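Notes follow the structure.
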Amino acid sequence: MTQERYNPQEIEIKWQKRWAESKAFACSNTSDKPKYYVLEMFPYPSGNLHMGHVRNYSIGDVLARAKRMQGFNVLHPIGWDAFGLPAENAAIKHNTHPADWTYANIDNMRAQMKRLGFSYDWDRETATCRPEYYRWEQLFFLKLLEKGLAYRKKSAQNWCPSCHTVLANEQVIDGKCWRCDTPVEQKDLEQWFLRITAYADELLKDLDLLKGGWPDRVLAMQHNWIGRSEGAEVRFDLEKPVDGADHIDVFTTRPDTLFGASFIVMAPEHPLAARLIKGSPDEASITAFIDHVRNMDRIERQSDTLEKEGVFTGAYALHPLTGRRVPIWLGNFVISTYGTGAVMSVAAHDQRDFDFARKYHLPIIQVISPDGKAHNTDEWTEAHAEPGVLVNSGEYDGTPSLKAKELITEKLESLGKGKKKTQFRLRDWNISRQRYWGAPIPVVYCEKCGVVPEKPENLPILLPLHVKTEPDGKSPLPKTESFYKCTCPKCGGPARRETDTMDTFVESSWYFARYTSARNDKAAFDMDALRYWLPVDQYIGGVEHAILHLLYSRFFTKALRDLGFYPENLDEPFRRLLTQGMVLLDGSKMSKSKGNIVNPTEMIDRYGADTVRLFCLFAAPPERDFDWTESGIEGASRFLQRIWRLFHENRSILKTARGCSSTAEDCVTPEARDLRGREHATVKKAGEDMGLRNQFNTAISAIMELVNAMYTYRDKMGDSEGERNVFSSAMATVITTLSPITPHICEELWERLGHTSHLAGDPWPTYDEKAMVKDTQTIALQVNGKLRGTMEAPTGADKKTLEDLALATEQIRRFTKDLTIRKVIVVPGKIVNVVAK
RNA sequence: GCGAAAGUGGCGGAACUGGUAGACGCCCUGGACUUAGGAUCCAGUGCUUUAUGCGUGGGGGUUCAAAUCCCCCCUUUCGCACCA
């Protein structure tokens, strides 16, 4: 028997061409069908797709294709996160321009994506470095500025000396730059911020809306990052006011322990520190301490082994309720940017304060007690942080600590010495970047008017392309006169344009919305399109963005909603989030430096795109990491060849059929009936696994079982019409259900089966529960809970029948012959368990 | 330390509401066809002392019945980490 060999290269190119010609995956913003928006995190155009991309985009593509077949109007777009530092570095290295490098990379990666057969609506492709895109971002910035959600301030910022730019707090990982791992430094700079903290409460509260749709750990990470704590801000008056200041504010979550506050510790960076020590005999040594702490790098300062160190300023504050003198210290463990940068120390009930007090021989006063009695704290070896009742607290003695929190806060409020306060760990987002390849911030600095926003009609402020990138890696913008020299939009006088550009995370905070009306040049979005498509139904990407991109996008969504750009009821951008695992090789992450790379292009050349996609999805469930193995991809390839062979070896008897098209009357043999049942079960299982559970590996294994069953069936098949109908229908089902995963081979076989329409636009088969019902069921037989055999019983047999049948079996008799039967438990369709003694 | 997730054959992994543990694939073994096989097909494949035996990280518990529910412990991975 001669047959055509499976030639993936030829087939795949053929179908990719056809899909492109017919715009098979372009979707409309209006439809009677329910909508489904599936999105994968768009890539940075680094030049080549890696296996992580292939896995990410394969998962999204299966969903998109499956949902299309299942009757949804599917939006499945792609674009390019095209601004960013690597383009500048590459430009320097290869003596080219960041734009040229970026666009060339996009062309290459787009071709790779097309070669993988991803079903994107290419008409909606966007690149964030194009003015048609970033002009809207500049408009958002102006509106944010107008609303006070963007502002400028000078403060200590994270500086990456290697990237020559500042970083937001979220972009500093373990004290190092998220991009290049260089330890960050602190630098005082005037920068642009977005007021993400204005949404801190909502960002936290709305995590509840995402429960069930997002992985718990991502929710937990965001929860921790936002870091809400409730407590009180307490005012301690200075015993001797210093120039311009008469008090210190502290933040505490334990106002109930206020009577135990025996000293205050300020961060060395606290603005009051220098003034407090002025004129002190120890001024020189204290200043040396401040400089010492400030000069420590961030990693050292935050390490858990850092010894607590402090110095006494010589100054005292007065306890707000008792008037007691409280010494003011400086300590290296107090964080200047959290709360007020100063804490009241209650050594008895806080471990850090306890350690500090022991080291510097400061008083440890117990004010909370489990038994209502005060104890000698000299014998304590650690702080007691748990709640109890108050002692040593004047009128509050005997009050439970929870109640005391309220009472003491109220008391402070009535005295004007404090107030209830909610504190967040989250800080505002610094979006200024001292880089060239980014979106210009649309403001100018006028000699007369100061900081002046551009007029919206002057947008876009174009990033100049005719600049030379300097080998020192610094942005050329401050040296490009044609760019920075401008006129003030307000007074028309001479002005200097802002030369910092925006953090590229700003572009990725709204790109998913732009896809809904990607070609609109009159407005950022078409409101009707937003209302129809948003939120994204399923978002897919790496967990490395659990905080960064996902938090910024959530914030931006709320802000754009309040600015009127988004629908008023759009609170969250991504309804469901799937964080896919990594593709490993030999148990470790693939990396160029380690040289353990599997190149997707090479794999496509060797096995074809369908096999690569199949293996990526079959090897493990999507959230889990998986190891790339040669034998694994061989197995995937073998399966496709097995289908190819099954089809062609039986081509002469195959009819042009659809899935689930055979009838009960066709089942002239038990085998036919069985195969038809399996076919329907496969449609059900694969449909649920692909469309609802996102368990592609089990969907594939179900289809493999059907193929195996077809091989067995074929050997016994007679030549009746009915038997052939059953076989043809099963073949159509294999082709249809597998098509979201391996679309090319399935389109090809579909065509060879005699169909003239694209499989990609065809409906998913409809299964019939009745077809899955068999005459008999296998019932497990247990004695005292242990499996002792099985029996075949008529489907739907009642408890009594099953019990009688079971007790009559040889297995049950054998295992109960010396015992007395006490009880028989029957679960119809499942088991009979005989309890005997 | 805090938080989250996960521990199932030689390996990747199934088992959806407690009801035949190990689907599917890989590896391996034997056979068939072959000049040949790293192709293909067929069969086998949790462990062992082959038993009314053992078995889902370990130990208890609930139940007729537990990978699944409850309690205690161990290990691994990830995230946060002096946030007052």
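What you are looking at is a predicted structure, and each value in this text was computed from that prediction instead of being measured. Throughout, a chain's letter reflects where its sequence line sits, starting with A, and its residues are numbered from 1.
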- Whole-Å C1' distance, B:U76 and B:C33: 48 Å
- Task: Respond yes when some side-chain nitrogen or oxygen of A:N697 is under 4.0 Å from OP1 or OP2 of B:C24, and no when none is.
- Result: no
- Ignoring hydrogens and angles, state whether a donor on the side chain of A:E705 or A:S701 is under 3.5 Å from an acceptor on the partner side chain. no
- Task: Indicate, with a heavy-atom threshold strictly under 4.0 Å, whether A:Q695 touches base, sugar-phosphate, or nothing.
- Result: sugar-phosphate
- Task: Check every atom of B:U20, B:C41, B:A23 against the side chain of A:R642 and return the nucleotide holding the closest atom.
- Result: B:C41
- Measure from NZ on A:K685 to P on B:C16 and round the result to the nearest Å. 9 Å
- Task: Just say parallel, tilted or perpendicular for the rings of A:W644 and A:H648, cut-offs at 30° and 60°.
- Result: tilted
- Task: Please lay out, stage by stage, how A:T790 and A:I779 fare under the test side-chain contact (heavy atoms from CB on, under 4.5 Å).
- Result: CA-CA 5 Å; A:T790 60; A:I779 304 293; over 6 Å; no
- Task: For B:G38 versus B:C54, give the span between their P atoms, rounded off to a whole number of Å.
- Result: 42 Å
- Query: salt bridge (charged side-chain N to carboxylate O under 4.0 Å, His left out) between A:R228 and A:E230: does it pass, once the steps are laid out?
  - Reply: CA-CA 7 Å; A:R228 183 180 201 271; A:E230 275 186 41; 2.7 Å; yes
- Looking at A:Y711, does the NZ or CZ of A:R642 lie under 6.0 angstrom from its six-membered ring centre and within 45 degrees of the ring axis? yes
- Note on the structure: Whole-Å distance, A:W225 CH2 to B:C78 P, equals 18 Å
- Message: Can you tell me how the ring of A:Y552 sits relative to the ring of A:W429, calling it parallel under 30°, perpendicular over 60° and tilted otherwise?
- Response: parallel
- Message: Taking the P atom in each of B:G31 and B:C11, what is the distance between them to the nearest angstrom?
- Response: 27 Å
- Note on the structure: note: A:Q222, atom CD; B:A4, atom P; distance rounded to Å ~ 16 Å
- Identity of whatever pairs with B:G25 - Watson-Crick or G-U, under 3.5 angstrom: B:C11
- Note on the structure: By nearest-heavy-atom nucleotide on RNA chain B, the more 5' of A:G789 and A:D216 is A:D216
- Message: In this structure, how many angstroms lie between the C1' atom of B:G25 and the CD1 atom of A:I643, rounded?
- Response: 14 Å
- Task: Evaluate the salt bridge (charged side-chain N to carboxylate O under 4.0 Å, His left out) criterion for residues A:E630 and A:R606: first the C-alpha distance (whole Å), next the side-chain angles of each, then the deciding distance (0.1 Å), finally the verdict.
- Result: CA-CA 12 Å; A:E630 195 66 28; A:R606 193 162 349 148; 2.9 Å; yes
- Between B:U20 (P) and A:L787 (CG): distance, integer Å: 9 Å
- Query: Looking at the side chain of A:R693, which of B:C82, B:A15, B:G19 is the nearest nucleotide?
  - Reply: B:A15
- Note on the structure: B/S/- along nucleotides 26-32 of chain B (protein heavy atoms under 4.0 Å) is SS-----
- Checking all strands, does A:D355 fall into the base, sugar-phosphate, or nothing category for heavy-atom contacts under 4.0 angstrom? nothing
- Query: How long is the line joining OH of A:Y711 and P of B:C41, in whole Å?
  - Reply: 6 Å
- Where does B:G9 land, syn or anti, given syn is within 90° of 0? syn
- Message: Would you measure the distance from the P atom in B:C70 across to the matching atom in B:U63 and give it in whole Å?
- Response: 16 Å
- If you draw the axis of the six-membered ring of A:F356, does the NZ or CZ of A:K308 fall within 45° of it and under 6.0 Å from the ring centre? no
- For B:A32 versus B:U49, give the span between their P atoms, rounded off to a whole number of Å. 30 Å
- Task: Kindly write out the residues that satisfy ring pair (Phe, Tyr, Trp, His ring centres under 6.0 Å) with A:W225, not counting sequence neighbours, or none if the list is empty.
- Result: none
- Kindly say if A:N708 contacts the phosphate of B:G25, meaning a side-chain N or O under 4.0 Å from OP1 or OP2. yes
- Message: Using Watson-Crick or G-U wobble geometry with both distances under 3.5 Å, which nucleotide pairs with B:G37?
- Response: none
- Task: Please state whether the base of B:C80 and the side chain of A:N224 form at least one donor-acceptor pair under 3.5 Å?
- Result: no
Listing time: all N or O pairs from protein to nucleotides 50-54 of chain B that are below 3.5 Å?
residue: B:G53; atom: OP2; partner: A:R788; partner atom: NH1; Å: 3.4

- Query: Would A:Q423 and A:S229 count as having a side-chain donor-acceptor pair, cut-off 3.5 Å?
  - Reply: no
- In whole Å, what separates the P atom of B:G7 from that of B:A67? 14 Å
- Query: Is A:E623 touching bases, backbone alone, or none of the nucleic acid, heavy atoms closer than 4.0 Å?
  - Reply: nothing
- Message: Closer than 4.0 angstrom, basic N to acidic O: yes or no for A:E307 and A:K359?
- Response: yes
- Message: Categorize A:P621 for me: base, sugar-phosphate, or nothing, with a 4.0 angstrom heavy-atom threshold over every strand shown.
- Response: sugar-phosphate
- Mate of B:U45 across any strand shown (Watson-Crick or G-U wobble, both atom pairs under 3.5 Å) is none
- Compare side-chain N and O positions of A:R425 against OP1 and OP2 of B:A81 and report whether any pair is under 4.0 Å apart. yes
- Message: Suppose we define a pair by two distances each less than 3.5 Å, Watson-Crick or G-U wobble; what does B:G3 pair with here?
- Response: B:C78
- Pick base, sugar-phosphate or nothing for A:V827, based on heavy-atom distances below 4.0 Å to the nucleic acid. base
- Sort out the partner of B:G19 for me: Watson-Crick or G-U wobble, both distances under 3.5 Å, none otherwise. B:C64
- Item | Euclidean distance for P, B:U48 against B:A39 (whole angstrom) | 28 Å
- Item | Spacing of A:F251 atom CZ relative to B:C82 atom P, expressed in whole Å | 16 Å
- Task: Apply the side chain to side chain contact (heavy atoms under 4.5 Å, CB included) test between A:T409 and each candidate in A:K421, A:K420, A:E233; give the one that qualifies.
- Result: A:K420
- Message: Mind checking if A:F626 touches a base, just sugar-phosphate, or nothing, with heavy atoms under 4.0 Å?
- Response: nothing
- Using the P atoms only, state how far B:C72 lies from B:A65, rounded to an integer number of Å. 23 Å
- Query: Using a cut-off of 4.0 Å on non-hydrogen atoms, how would the nucleic acid contact of A:R822 be classed: base, sugar-phosphate, or nothing?
  - Reply: nothing
- Answer yes or no: does a side-chain N or O of A:R678 lie under 4.0 Å from OP1 or OP2 of B:A23? no
- Residue pair A:D256, A:I368: steps toward the side-chain contact (heavy atoms from CB on, under 4.5 Å) verdict: CA-CA 8 Å; A:D256 52 316; A:I368 307 287; 3.6 Å; yes
- Task: Output yes when at least one side-chain N/O atom of A:R624 is less than 4.0 Å from OP1 or OP2 of B:G13, else no.
- Result: yes
- Message: Walk me through whether A:Q222 and A:L203 qualify under side-chain contact (heavy atoms from CB on, under 4.5 Å).
- Response: CA-CA 9 Å; A:Q222 294 225 350; A:L203 285 168; 5.9 Å; no
- Task: Check the distance between B:A15's C1' and A:E688's CD and give it to me in whole angstrom.
- Result: 15 Å
- Note on the structure: Regarding the side chain of A:T790, the nearest nucleotide among B:A23, B:U20, B:A84 is B:U20
- Note on the structure: Residue pair A:T252/A:I700 against RNA chain B: nearer the 5' end by closest nucleotide is A:I700
- Task: Examine B:A39: is either OP1 or OP2 under 4.0 Å from a nitrogen or oxygen in the side chain of A:R645? Give yes or no.
- Result: no
